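Input: a single structure, listed below in structure tokens.
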Protein chains: 2
Amino acid sequence: MSEDKIQDCKCEHNHLEFVDKVRHDMPAEEHLYDLADLFKVFGDTTRIKILYVLFESEMCVCDIADSLGMTQSAISHQLKVLKQSKLIGNKRDGKSIIYYLADDHVRTIIGMGMDHILE
Amino acid sequence: MSEDKIQDCKCEHNHLEFVDKVRHDMPAEEHLYDLADLFKVFGDTTRIKILYVLFESEMCVCDIADSLGMTQSAISHQLKVLKQSKLIGNKRDGKSIIYYLADDHVRTIIGMGMDHILE
DNA sequence: CTTTCATATGAATTGTTATTCATATGTTAT
DNA sequence: ATAACATATGAATAACAATTCATATGAAAG
């Protein structure tokens with residue numbers, strides 16, 4: 001029995017039949033955390049700007065910083081976050097590290113978001 | 001001249017030619033904020049769970065809370081956030097308020113996110 | 001190998017946000 | 001009207017995250 005409710009409203013909708021279905025169809029807790037974490041990465045203006053910069057071209061850290069008028073340190077911290085989420089990659093070129101978009105997934109997700117806020 | 005750099009690395013890549021292009025193609029600051037705010041909404045496990053619940057069926061607040069084993073208050077606060085972002089809508093039915101997905105945009109965005117973390 | 005340049009990182013600070021608790025609002029039924 | 005129920009909300013607390021500053025790492029050039 002699904003009697004592990006922490007509260008008990010007495011409303012009589014047809015929703016209760018869905019409770020078990022919800023619990024069955026809900027992705028694993030781990031996936032839900034990963035998913036929220038991924039969107040968190042998109043949920044910061046600085047990181048969004050960095051991604052827009054990389055839409056134009058792969059670029060080294062200092063030029064990204066220059067483009068956005070922000071400090072190298074702030075950008076570097078955020079690049080690390082983007083990299084951890086596998087949204088960007090990097091490679092060395094002489095003294096510089098060049099960052100680039102990992103795949104077109106990023107464009108799609110940001111594009112969908114833009115669609116939503118502009119409609 | 002774009003000499004409003006706050007720092008000056010001397011790296012000599014071909015990136016500087018992109019700086020002006022970046023500034024031209026970058027969406028308005030306001031849109032970037034709205035976009036980040038939208039993704040922030042997706043960036044919380046509780047809200048993701050609520051959306052997954054609503055994937056199954058429109059539902060009243062107390063049944064959403066029951067489904068997720070969380071308090072009515074916590075759910076209500078998050079429903080407000082989701083509503084403000086126009087991801088969900090609501091309607092009254094007797095004593096209850098029924099919440100539902102605003103459109104299939106939500107499914108698409110979450111779907112894209114899932115694709116990314118599962119690949 | 002020493003200096004310079006590009007990037008990364010740790011600690012501290014500040015701002016933001018999710019949840020809880022208590023209570024208010026508003027609807028329905030008696 | 002009053003009682004019971006469903007939902008919303010404000011204030012407080014606690015956890016988290018973005019930026020800054022100072023400094024460390026690490027490659028390259030002399």
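Bear in mind the structure is a predicted one, so any value in this text is a computation, not a measurement. Chain A is the first sequence line, chain B the second, and so forth, proteins listed ahead of strands; every chain is numbered from 1.
Interatomic distance, CD1 of B/Ile110 versus CZ of B/Arg107, reported as 9.5 Å (0.5 Å rounding). Remark: A/Gln84 CD to A/Asp37 CG distance equals 10.5 Å, nearest 0.5 Å.
Whole-Å rounding puts the B/Asn90 CG to C/dT25 P distance at 19 Å. Here D/dA18 presents its C1' atom at 12 Å from CD1 of A/Ile50, a figure rounded to the nearest Å. Between A/Ile48 atom CD1 and D/dA18 atom P there is a gap of 12 Å when expressed in whole angstrom units. One can place CG of B/Asp66 at 14 Å from C1' of D/dC5, the figure rounded to the nearest angstrom. In this entry the distance linking CD1 of B/Ile98 with C1' of C/dT27 reads 14 Å, nearest Å. Rounded to a whole Å, the CG atom of B/Asp63 is 13 Å from the C1' atom of D/dT7. For the pair A/Phe39 CZ and D/dC16 P, the interatomic distance rounds to 21 Å; values are reported in whole Å.
For the pair A/Tyr99 and C/dA8, the criterion of a side-chain N or O lying under 4.0 Å from OP1 or OP2 is met.
For A/Gln72 against C/dA8, a side-chain-to-base donor-acceptor contact under 3.5 Å is present.
Clustering ILVMFWY residues whenever any of their side-chain heavy atoms sit less than 4.5 angstrom apart, transitively, puts A/Ile98 in a cluster other than the one holding A/Val61.
A donor-acceptor pair under 3.5 Å links the side-chain atoms of A/Asp44 to the main chain of A/Arg47, judged by distance alone.
No more than 12 heavy atoms of other residues, nucleotides or ligands shown are found within 6.0 angstrom of OH on A/Tyr33. Within a 6.0 Å radius of NZ in B/Lys40, other residues, nucleotides and ligands contribute more than 12 heavy atoms.
Relative ring orientation between B/Phe42 and A/Phe39 is described as tilted, the plane-to-plane angle lying within the 30° to 60° band.
Electrostatic pairing of B/Glu56 and A/Arg23 does not count as a salt bridge here, judged by no charged N lying under 4.0 Å from a carboxylate O.
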Could you go step by step and tell me if A/Glu119 and A/His116 meet the side-chain contact (heavy atoms from CB on, under 4.5 Å) rule?
-> CA-CA 6 Å; A/Glu119 78 188 5; A/His116 182 81; 3.9 Å; yes
Identify the pairs formed between an N or O of the protein and an N or O of nucleotides 26-30 of chain D at a distance under 3.5 Å, and give each distance.
none

If you restrict it to nitrogen or oxygen atoms, what contacts under 3.5 Å exist between nucleotides 15-21 of chain C and the protein, and what is each distance?
{"unit_1": "C/dA18", "atom_1": "OP1", "unit_2": "B/Arg47", "atom_2": "NH1", "d": "3.2"}
{"unit_1": "C/dA18", "atom_1": "OP1", "unit_2": "B/Arg47", "atom_2": "NH2", "d": "2.7"}
{"unit_1": "C/dA18", "atom_1": "OP2", "unit_2": "B/Arg47", "atom_2": "NH1", "d": "3.3"}
{"unit_1": "C/dT19", "atom_1": "OP1", "unit_2": "B/Thr46", "atom_2": "OG1", "d": "2.6"}
{"unit_1": "C/dT19", "atom_1": "OP2", "unit_2": "B/Gln78", "atom_2": "NE2", "d": "3.2"}
{"unit_1": "C/dT20", "atom_1": "OP2", "unit_2": "B/Thr71", "atom_2": "OG1", "d": "3.3"}
{"unit_1": "C/dT20", "atom_1": "O4", "unit_2": "B/His77", "atom_2": "NE2", "d": "3.3"}
{"unit_1": "C/dC21", "atom_1": "N4", "unit_2": "B/Ser73", "atom_2": "OG", "d": "2.7"}

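Closest to the side chain of A/Ser96, from the set C/dA6, C/dA8, D/dA8, is C/dA6.
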